[in-house]
Structures are given as structure tokens and as C-alpha cells.
Novice: 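Please find one structure pasted underneath; my questions will follow.
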Amino acid sequence: MSSSREKNQVKTIVMTAFFAAMIYLGIQSFRIPLPAAVGTPFVHFGHIFIMLSVVLLGTRGSMMAGVMGLLLFDVLNSYTHAIPNVFVSTLLNCFFAGTAFSLLTKKANGDGRKEFTAAVVTAVVYGISNVVIDFLWSTCELVILGSALPAALTAELTAIPATIINAVFTVIGIAVLYIPVKGAYRRVMK
């Protein structure tokens, strides 16, 4: 029995590393830069893979995969200044989304359609959480660095469309990928 438990632990570790790699590649391989007064926002696939890790690995596993994948991207692409924001926001986003998915799937009671709906609704929760946390963090950061609050708010309003586009992109990605990826994940984890 412990052999079976150890085998499942190894599979879980491998899947967490796999999702971390996919999150990294989802940003590294596909980036569309968007204009903004502050920062260098871009649309990418990374959040779709974080959301897939939320619905497949759970809250803790998605936190690990999300932090590893996003921080690896930041370190390798000279975004080290963004690490505190990325670290905190990833933990919070995965916590909120993971909690929502857990509650919604309990209500689904094994119904595949309701679980699909739960995954899409959870992606919406993740997207909203990401937009709010990013906006608040970045605005506070600008104020701490010396900007007046109205100037910081104005600057962040120009950067937030990229986060909103990523949120919409994530919801669409989950709607398309949840069922096939969930099936593949279950086959691998048997």
C-alpha cells in the first residue's frame, strides 16, 4: 500500500513540475505586447495553464506550479522587479480559484456538465482576482515610488487592459481545454 502511495506522490510531483514547465512555456513561447504607460504588459497562455493546474492539481499544487513557472519566466527574462507581485498574486489567485473550484465541484456531485461549469466559473474568479490584485498592487507600488495617487491610478488604467484580456483569454482557454486535458490527466494519474 505504501508503494501505491509513493507512486501517487511521485506522479503528483511530476505533474506539478509539468504544469510549472507549461506555465513557463505558455508565456515564453507566446507573447503579444500591448501598449501601456507603465510596465510592459502582454497577452500570453500562462494563466490558462495556471487555471488548468488549479482544476487538476488543487489549490496547493497550483500554487507550487504557478509560482515556479511564473518566477522562472521572470528570472530568465529580466522581470526580477516583478517577482514580489507575481509571487503574492499567484498565491492569492490560486487560493481564491482553488477554493471556488472545490466548493463548486462539491455541489456538482460528480455531474460532468456541472463540473465543466465549475471550471469555467472558477476561471472567471481567477481572472477577476488577477485583475483586482494586479491593479491594487501596481497602483500601490507607483504611490510608494513617489507618484501621486491620481497619477498612479491613471497610469494603471492604461496597463490593466492587458490583464483583462488575459483574464478573458483564460476563461476561453478553460472552456476549450478543460474536458480533454482533464481526461488525459485522469489517464496519467491512474
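Just so it is clear, the values below take in all heavy atoms, side chains as well, and ignore hydrogens, waters and symmetry mates. Throughout, numbering of the chain's residues begins at 1 and tracks the sequence.
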Novice: When rounded to the nearest 0.5 angstrom, what distance separates CG in Asn8 from OG in Ser4?
Specialist: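 Reported to 0.5 Å precision, the distance equals 5.0 Å.
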Novice: So how far is it from Asn85 CG to Tyr79 OH, rounded to the nearest 0.5 Å?
Specialist: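 Taking CG in Asn85 and OH in Tyr79, the distance rounds to 13.5 Å.
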Novice: Report yes or no: do Leu103 and Met51 belong to one cluster of Ile/Leu/Val/Met/Phe/Trp/Tyr joined by side chain heavy-atom distances under 4.5 Å?
Specialist: no
Novice: Determine whether a donor-acceptor pair (N or O, by modelled atom type, separation under 3.5 Å) exists between the side chain of Thr158 and the backbone of Ala155.
Specialist: yes
Novice: Do Phe45 and Phe169 have ring centroids that are under 6.0 Å from one another?
Specialist: yes
Novice: Test of understanding: clusters of I, L, V, M, F, W, Y form through side-chain heavy atoms closer than 4.5 Å, transitively. Do Val88 and Phe73 belong to the same one?
Specialist: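 Per the 4.5 Å side-chain linkage, Val88 and Phe73 are co-clustered.
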Novice: Work out which heavy atom in Thr139 is nearest to a heavy atom in Ala152; give both atom names and the distance.
Specialist: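 Scanning both residues, the minimum pair turns out to be O-CB, 3.9 Å.
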Novice: If you round to the nearest 0.5 Å, how far is CD of Gln28 from CG of Leu72?
Specialist: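 The distance works out to 8.5 Å.
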Novice: Are Leu25 and Leu76 co-members of a hydrophobic cluster defined by side-chain heavy atoms under 4.5 Å apart?
Specialist: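 Leu76 and Leu25: one cluster.
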Novice: Do you know which two heavy atoms are closest between Pro161 and Leu157, and how far apart they sit?
Specialist: CD-O, 3.3 Å
Novice: May I ask you to test the Asn166-Val131 pair for a side-chain heavy-atom distance under 4.5 Å?
Specialist: no
Novice: Sorted by first residue and then second, give each ring-ring contact (aromatic ring centres under 6.0 Å, His included) pair with at least one member in residues 103-156; sequence neighbours left out.
Specialist: His47-Tyr126
Novice: Once side chain to side chain donor-acceptor pair (under 3.5 Å) is applied, do any residues pair with Thr163, and if so which ones, sequence neighbours excluded?
Specialist: Asp134
Novice: Is there a side-chain contact between Ser3 and Lys7, using heavy atoms and a 4.5 Å cut-off?
Specialist: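 Counting from C-beta outward, Ser3 and Lys7 never come under 4.5 Å.
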Novice: Between Ile83 and Val75, is a side-chain contact (heavy atoms from CB on, under 4.5 Å) present by the stated rule, with each step listed?
Specialist: CA-CA 8 Å; Ile83 287 176; Val75 167; 3.8 Å; yes
Novice: Grouping I, L, V, M, F, W and Y whenever their side-chain heavy atoms are under 4.5 Å apart, do Met15 and Met64 come out in a common cluster?
Specialist: no
Novice: I'd like to check Phe49 versus Ile27 (side-chain heavy atoms, cut-off strictly below 4.5 Å). Are they in contact?
Specialist: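 Counting from C-beta outward, Phe49 and Ile27 never come under 4.5 Å.
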Novice: Describe, in one word, how the ring planes of Phe101 and Tyr178 are oriented to each other, choosing from parallel (under 30°), tilted (30 to 60°) and perpendicular (over 60°).
Specialist: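 Geometry flag for Tyr178 against Phe101: perpendicular rings.
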Novice: Looking only at heavy atoms, what is the nearest atom pair of Ala118 and Thr105, with distance?
Specialist: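 The answer is CB-CG2, 4.2 Å.
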Novice: Working to the nearest 0.5 Å, report the span between CD1 of Ile160 and CD1 of Ile165.
Specialist: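 It comes to 11.0 Å.
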Novice: If every non-hydrogen atom of Pro84 is compared with every non-hydrogen atom of Thr80, which pair is closest and at what distance?
Specialist: CD-O, 4.1 Å
Novice: With the 4.5 Å side-chain cut-off for hydrophobic clustering, are Val54 and Ile179 part of the same group?
Specialist: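 Same hydrophobic cluster.
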Novice: For Lys11, I'd like to know if atom NZ has over 12 heavy atoms of other residues, nucleotides or ligands within 6.0 Å.
Specialist: yes
Novice: To the nearest 0.5 Å, tell me how far Thr16 OG1 sits from Met68 CE.
Specialist: 6.0 Å
Novice: Counting only N and O atoms by type, is there a donor-acceptor contact under 3.5 Å from the side chain of Ser29 to the main-chain atoms of Gly26?
Specialist: no
Novice: Take Leu142 and Leu153, measure what side-chain contact (heavy atoms from CB on, under 4.5 Å) needs, and give me the verdict at the end.
Specialist: CA-CA 9 Å; Leu142 287 174; Leu153 289 169; over 6 Å; no
Novice: Using 0.5 Å steps for rounding, measure from the OG atom of Ser53 to the CZ atom of Arg60.
Specialist: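 Spacing of OG (Ser53) from CZ (Arg60) equals 14.0 Å.
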Novice: Could you tell me whether the side chain of Ser147 and the main chain of Val143 form a donor-acceptor pair under 3.5 Å?
Specialist: no
Novice: Would you call Thr12 and Met189 a side-chain contact if the rule is heavy atoms closer than 4.5 Å?
Specialist: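 A side-chain contact under 4.5 Å exists here.
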Novice: Is there a side-chain contact between Leu56 and Phe19 (heavy atoms, below 4.5 Å)?
Specialist: yes
Novice: Should Val55 and Lys182 be marked as a side-chain contact (heavy atoms from CB on, under 4.5 Å) after you check the CA-CA gap, both sets of side-chain angles, and the distance that decides it?
Specialist: CA-CA 8 Å; Val55 299; Lys182 178 184 168 189; over 6 Å; no
Novice: Please output the side-chain donor-acceptor pairs of residues 90-97 that fall under 3.5 Å, not counting sequence neighbours, one pair per line with the distance.
Specialist:
{"residue": "Thr90", "atom": "OG1", "partner": "Val86", "partner atom": "O", "Å": "2.6"}
{"residue": "Asn93", "atom": "OD1", "partner": "Ser129", "partner atom": "OG", "Å": "2.5"}
{"residue": "Asn93", "atom": "OD1", "partner": "Asn130", "partner atom": "N", "Å": "3.3"}
{"residue": "Asn93", "atom": "ND2", "partner": "Ser89", "partner atom": "O", "Å": "3.0"}
{"residue": "Asn93", "atom": "ND2", "partner": "Asn130", "partner atom": "OD1", "Å": "2.9"}

Novice: Can you confirm whether Ile174 sits close enough to Val171 that some side-chain heavy atom of one is under 4.5 Å from a side-chain heavy atom of the other?
Specialist: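 Ile174 vs Val171: side chains apart.
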